[in-house]
Amino acid sequence: MFGVKDYPAALEWVARRAEAFVIPVAALIVGMAIFSLFILAVGKSPVQLYEMMWRGGFGSWFSIQNSLSRAAPLLLTALCVALPARLGLVVIGGEGAIVLGGVAAAAAGAALNGAPSFIVVLVMGVAGMAAGGIWIGTVGALRHYRAVNETISSLLMAYIAIALMNQLVEGPLRDPASLNKPSTKPLAEAYRIGNISGMEVHWGLVIGIVACVLSWVLIEKTRWGFAARIAGGNVKAAQVQGLAVGPLIVGFTALAGGFAGLAGMLEVAAVQGSANASLAAGYGYTGILVAFLARHNPLAIIPVAFLLGGIDASGGLIQRRMDLPDATVLVLQGMLFIVILFSETLYGRFKAFNPDLWKRVA
């Protein structure tokens, strides 16, 4: 129990942490309000839209499971943005790591066909993480050793990765039986990742949650995470203190890419059953919004991914019931992203969230 003298300290503790919650929530509300104006402009009801969004994403056990399934890859792709962000890097090319991770996993599964299932699934996961880690790790290396802007390079490399995936899937890795939609050979059922017991949600959700928890531990409880936060605040100061900034940048970006590559592997092993063009489903780009909305906090990514997964899952219902394009939810996500980026300028500006200003006034 708190004593009377403890209340000021407790209030300060709450105030310092409330800003990271209040501003993103306010940005969500403002973004949805602005999007409502666009819905009104096309002659539709915003109230009906958000009702359909609720029903499609969270209104029933079936819709909740659908949202959780869509949240699974978002957990991992958001980490692809959040981990480099602790070093002050803006990496937005997770989509490339996803598709290459999926292709690498599918190729490993086909090459080891006939081996024990545990070994094959493990090798597929390692192959997916290695492909994604090398791809995004290269972005970090270019940033540190050649001063190439990581935002531009990661985005451009995502397009290169998608083109490379198409070349492999339609060429040397193509299954001759895939006529209308080129894809790799389908995985044997023994190598597929099944659903959580009692749910229509694959185990990738659990893997994503564990990855978020471990990433939080890495950032907040280890010396590598502390060094990354120092380097993210001031690279020059970190170098003066003797921190190896180069290995930190390459290591964190490689780990981030590895998580995105693992998301691609899960899409192949748990959803698609093979690597094909459906790997480029936009999860890497939605993960950017998830990471920014969560303020790059790995634990906050978990609920935010569920929220965005639900919005994404409602697209089909909105299209059927309101005669709006399925891409309506993508427009909403884009609007939210713009508002959230604008809200970054508001941090540190409100006295209510800054106890130091309270003392100064007193």
Side-chain angles (χ1 to χ4, degrees), residues 66 69-78 80-81 92-111 113 124-125 127-136 139 154-189 191-193 202 204 208 257-290 308-309 311-313 315-316 319 325-331 333-334:
N66 191 15
S69 295
R70 293 172 182 262
L74 295 180
L75 294 168
L76 296 168
T77 57
C80 187
V81 180
I92 60 174
E95 191 79 0
I98 290 176
V99 299
L100 290 183
V103 170
N113 190 31
M124 287 173 61
M129 292 193 71
I134 292 172
W135 199 254
I136 303 299
V139 172
S154 63
L155 181 60
L156 294 180
M157 286 180 65
Y159 290 110
I160 296 173
I162 293 172
L164 183 59
M165 181 267 293
N166 289 330
Q167 176 65 25
L168 292 172
V169 168
E170 296 175 10
L173 298 180
R174 180 172 182 173
D175 178 14
S178 60
L179 301 177
N180 296 327
K181 186 176 184 179
S183 63
T184 59
K185 291 183 179 180
L187 291 175
E189 193 63 32
Y191 304 148
R192 299 289 299 274
I193 295 177
H202 60 78
F259 282 136
L262 182 60
M265 175 269 178
L266 292 171
E267 281 296 295
V268 169
V271 181
Q272 305 291 342
S274 63
N276 52 57
S278 296
L279 282 173
Y283 287 124
Y285 301 120
T286 307
I288 301 170
L289 176 58
V290 173
L308 269 295
I311 292 175
D312 193 34
Q319 183 182 29
D326 187 41
T328 300
V329 293
L330 298 180
V331 178
Q333 290 175 9

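Heads up: numbering here begins at 1 and tracks the sequence.
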task: Evaluate the side-chain contact (heavy atoms from CB on, under 4.5 Å) criterion for residues Leu76 and Leu266: first the C-alpha distance (whole Å), next the side-chain angles of each, then the deciding distance (0.1 Å), finally the verdict.
output: CA-CA 10 Å; Leu76 296 168; Leu266 292 171; 3.7 Å; yes

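- Leu164 contributes atom CG, which lies 4.5 Å from atom CG of Leu168 (distance to the nearest 0.5 angstrom).
- One distance of note links CD of Gln167 with CG of Leu173; it measures 10.0 Å at 0.5 Å rounding.
- In this structure, the side chains of Pro73 and Glu267 come closer than 4.5 Å at one or more pairs of heavy atoms.
- Within the model, atoms CG of Leu75 and CG of Leu262 stand 11.0 Å from one another, a figure rounded to the nearest 0.5 Å.
- Here the side chains of Val271 and His202 are in contact, with some heavy-atom distance below 4.5 Å.
- For the atom pair CD1 (Ile311) and OG1 (Thr328), the distance works out to 12.5 Å, reported to the nearest 0.5 Å.
- Applying the side-chain contact (heavy atoms from CB on, under 4.5 Å) test to Thr77 and every residue at least two apart in sequence or in another chain returns Leu74, Ile98, Ala263, Tyr283.
- With sequence neighbours excluded, the residues satisfying side-chain contact (heavy atoms from CB on, under 4.5 Å) with Ala108 are Val123, Met124, Ala127.
- Nearest heavy atoms, Gly204 versus Ala72: C-CB, 3.9 Å.
- With hydrogens and angles ignored, the 3.5 Å screen pairs a side-chain donor or acceptor of Glu95 with a backbone N or O of Gly282.
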- request: Show your working on side-chain contact (heavy atoms from CB on, under 4.5 Å) between Gln333 and Leu308 and close with a plain yes or no.
  value: CA-CA 8 Å; Gln333 290 175 9; Leu308 269 295; 4.0 Å; yes

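- Of the possible donor and acceptor atoms, one in the side chain of Trp135 sits under 3.5 Å from a partner among the backbone N and O of Met157.
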- request: Any chance you could lay out the side-chain contact (heavy atoms from CB on, under 4.5 Å) test for Val268 and Tyr191, step after step, and finish with the verdict?
  value: CA-CA 10 Å; Val268 169; Tyr191 304 148; over 6 Å; no

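- We find the CG-OG1 distance between Leu330 and Thr286 to be 7.0 Å, quoted to the nearest 0.5 Å.
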message: What verdict does the side-chain contact (heavy atoms from CB on, under 4.5 Å) test give for Val81 and Ile92, after you've listed the backbone C-alpha separation in whole Å, the side-chain angles of each residue and the deciding distance to 0.1 Å?
response: CA-CA 6 Å; Val81 180; Ile92 60 174; 5.6 Å; no

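- Within the 4.5 Å cutoff, the side chain of Thr184 has no heavy atoms near those of the Val103 side chain.
- Ile193 approaches Met265 most closely through the heavy-atom pair CD1-CE, 3.8 Å.
- Cys80 approaches Gly94 most closely through the heavy-atom pair SG-CA, 3.9 Å.
- Under the 4.5 Å side-chain criterion, counting only non-hydrogen atoms from C-beta, Leu187 is not in contact with Ser274.
- Annotation: side-chain hydrogen bond (donor to acceptor under 3.5 Å, both in side chains) contacts of Ser278 (sequence neighbours excluded): Lys181, Asn276.
- Looking only at distances, a side-chain donor or acceptor of Arg192 sits under 3.5 Å from a matching main-chain atom of Ala269.
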